[in-house]
Amino acid sequence: SCAYDVAEVVKGVKEALPGVPVLGNTSFTGVITPDGYVGGDNPFVGVLTLAGDDLKVSIAGKAKTECAVKEGCEIAKEAMEKAGMTTAPDALYMAASPAEEEFWLKGISKVTGRVPFFGGSAADNSIAGEWKLYADENVFADGCIIAMFWGLNIKNEFTGAYRETENFGVITKTNGIRCLAEIDGVPAADKYMEWTGVSKEDVTGGNLLVTTITSPLGIKDRLGDLIAIRHPMNGNEDGSFNVGANLSEKTCVIRMEATVDELISSVGETLDKLLKDSPKPSALHLVHCGGRRAGIGERIGEVAEIVKAKAGDIPFIVEFTFGEYGFVSDSNNTVGGLMLSFTAIY
C-alpha cells in the first residue's frame with residue numbers, strides 16, 4: 001500500500017528473508033492472496049516468494065533522470081552483469097511508473113532481445129502519483145525495476161477480454177506521446193460520443209476515465225492474435241484525450257465493450273485458459289488492471305473467490321496496476337491498459 005513507508009516494509013521483508021532479492025510496487029487499493037482480498041480502507045502488504053535449486057534471479061532498478069530507453073538499457077546490463085550471465089534470461093519481469101513503460105521496455109529489449117515477459121505498473125489508491133517502486137533498498141516513484149530469471153519458465157495469458165464492436169476508425173492525428181487527437185479526421189472525443197451516445201460531460205476531464213472502463217479502445221496486432229487495450233484517461237478542451245499507453249497515427253482503433261459482470265467473469269475464463277493443457281505451476285502472478293478493479297467496485301470479493309477456486313492449492317498473488325505487460329507467441333512484448341496479464345510460473 002502507498003499508505004505505508006515502503007522503504008520500511010522492504011526492510012522488514014529483507015530481515016525475514018536475508019540475502020533474497022526483493023522487488024515490486026504499490027498496488028491500487030489492495031491485493032488478493034489465498035486469504036482473499038486484502039485492502040480496502042486499510043493499508044496492506046502482499047508477498048510472493050519463489051525458490052528453486054536451479055533458479056538464478058538478478059534484479060535492478062533506476063529512478064528516471066533522462067531517457068527511459070537509454071536507462072532501460074542500463075538496468076538490463078546491470079542485471080546481466082550482477083548475475084554473471086551473458087545469455088538472455090528465460091523470463092523477464094518489469095514494473096514501472098505509469099508513464100513511459102513502452103520506452104523502458106524498448107531499452108531493456110535492446111540488451112536481452114525478446115524474451116517471455118510479464119509485469120505491471122505501480123499504482124496508488126487515488127491516481128495522485130503516490131505510487132512507489134522498489135528493488136531492494138532502492139525506492140522511488142518515477143522509474144523502472146526488473147527481475148531477470150534463469151531456470152524459470154513462464155506461461156502468460158495477456159488479454160483485455162473485451163468484445164469488439166463495429167465502431168472503428170483510423171488514428172489520423174496524435175499530439176505527442178499518449179494523446180489521441182483525431183479519429184478519421186474528427187476530434188477523438190467527438191468520435192467517441194458519436195459511437196457511444198455519451199454526453200460531452202462524460203468525456204470531459206477525469207470523467208472520461210470512468211466512462212471508458214466498460215468501453216475502451218483497442219489496437220490489434222499484425223496477426224490479430226492480441227488486442228492491446230488503450231484506456232482513455234482524461235478529456236482535453238480541444239477534443240483530444242490522454243490515453244494510458246502509446247498510439248500511432250495511420251493505425252486502426254476499435255471501440256471495445258464489456259459489462260461489469262463480464263469484467264468479473266473474465267478473470268475465471270482467463271485463468272482457465274492459462275491452466276488448460278499445462279502442468280501444474282509452482283505459483284501464479286496475476287496482474288489485474290486497477291481501472292477494471294475500480295469498475296468492479298464492491299464486488300471485488302467475487303473476483304477473489306473465483307481466483308481462489310481456480311487456483312486451488314497453487315500459491316498466488318493478484319495485484320492491481322495502472323498498466324499491464326505481457327506477450328503473445330509470434331507477437332511483440334506489449335504494454336496495455338485495462339487488461340489482465342496472468343502468469344503461470346514453473
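If you check the side chains of Thr343 and Asn156, you find a donor sitting under 3.5 Å from an acceptor.
Taking a cutoff of 4.0 Å between a charged side-chain nitrogen and a carboxylate oxygen, Asp313 and Lys280 qualify as a salt bridge. Lys191 has a carboxylate O that lies under 4.0 Å from a charged side-chain N of Glu194, or vice versa, which qualifies the two as a salt bridge.
Of all heavy-atom pairs between Asn175 and Ala181, the closest is ND2-CB, 3.8 Å.
With sequence neighbours excluded, the residues forming a salt bridge (Lys or Arg N to Asp or Glu O under 4.0 Å) with Glu66 are Lys70, listed by chain and number. In this view, Arg255 and Glu257 satisfy the salt bridge (Lys or Arg N to Asp or Glu O under 4.0 Å) rule, not counting sequence neighbours. Among residues two or more places apart in sequence or in another chain, the side chain to side chain contact (heavy atoms under 4.5 Å, CB included) test is passed with Ala309 by none. With sequence neighbours excluded, the residues forming a side chain to side chain contact (heavy atoms under 4.5 Å, CB included) with Thr251 are Ile171, Ser248, listed by chain and number. Residues satisfying the side chain to side chain donor-acceptor pair (under 3.5 Å) criterion with Asp142, sequence neighbours excluded, are Ser97. In terms of the salt bridge (Lys or Arg N to Asp or Glu O under 4.0 Å) criterion, residue partners of Lys220 (sequence neighbours excluded) are, by chain and number, Glu164. Residues satisfying the salt bridge (Lys or Arg N to Asp or Glu O under 4.0 Å) criterion with Asp261, sequence neighbours excluded, are Arg299. Among residues two or more places apart in sequence or in another chain, the ring-ring contact (aromatic ring centres under 6.0 Å, His included) test is passed with His285 by Tyr93, Phe118. Every residue was checked against the ring-ring contact (aromatic ring centres under 6.0 Å, His included) condition with Tyr134, not counting sequence neighbours, and none meets it.
With hydrogens and angles disregarded, a donor-acceptor distance shorter than 3.5 Å links the side chain of Thr211 to the backbone of Asp202. Without hydrogens or angle criteria, Asp124 side chain to Ala128 main chain gives a donor-acceptor distance under 3.5 Å. Between the side chain of Asn125 and the backbone N or O of Thr29, at least one donor-acceptor pair lies under 3.5 Å. A donor-acceptor pair is defined here as one N or O able to donate and one able to accept, closer than 3.5 Å; no such pair exists between the side chain of Arg178 and the backbone of Val243. Checking side-chain atoms of Thr112 against main-chain N and O of Ala88 turns up no donor-acceptor pair under 3.5 Å. A donor-acceptor distance shorter than 3.5 angstrom exists from the side chain of Lys155 to the backbone of Leu274, with no hydrogens or angles considered. Of the possible donor and acceptor atoms, one in the side chain of Asp221 sits under 3.5 Å from a partner among the backbone N and O of Gly224.
Around NZ of Lys11, the count of heavy atoms belonging to other residues, nucleotides or ligands within 6.0 Å does not exceed 12.
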Please tabulate, one pair per line, all N/O donor-acceptor pairs under 3.5 Å involving side-chain atoms of residues 45-63, not counting sequence neighbours.
{"unit_1": "Ser58", "atom_1": "OG", "unit_2": "Ala79", "atom_2": "O", "d": "2.7"}
{"unit_1": "Lys62", "atom_1": "NZ", "unit_2": "Glu71", "atom_2": "OE2", "d": "2.8"}

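Put simply, the side chain of Leu217 does not reach to within 4.5 Å of the side chain of Leu247, judged on heavy atoms. In this structure, the side chains of Tyr346 and Ser278 come closer than 4.5 Å at one or more pairs of heavy atoms. Under the 4.5 Å side-chain criterion, counting only non-hydrogen atoms from C-beta, Ser27 is in contact with Phe320.
When hydrophobic side chains of Ile, Leu, Val, Met, Phe, Trp and Tyr are connected at separations under 4.5 Å, Val186 ends up as a singleton with no cluster partners. The hydrophobic cluster containing Phe103 also includes Val69, Ile177, under a criterion of side-chain heavy atoms closer than 4.5 Å among ILVMFWY residues, counted directly or through chains of members.
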Q: List the steps, then state whether side chain to side chain donor-acceptor pair (under 3.5 Å) holds for Tyr162 with Ser215.
A: CA-CA 8 Å; Tyr162 288 89; Ser215 187; over 6 Å; no

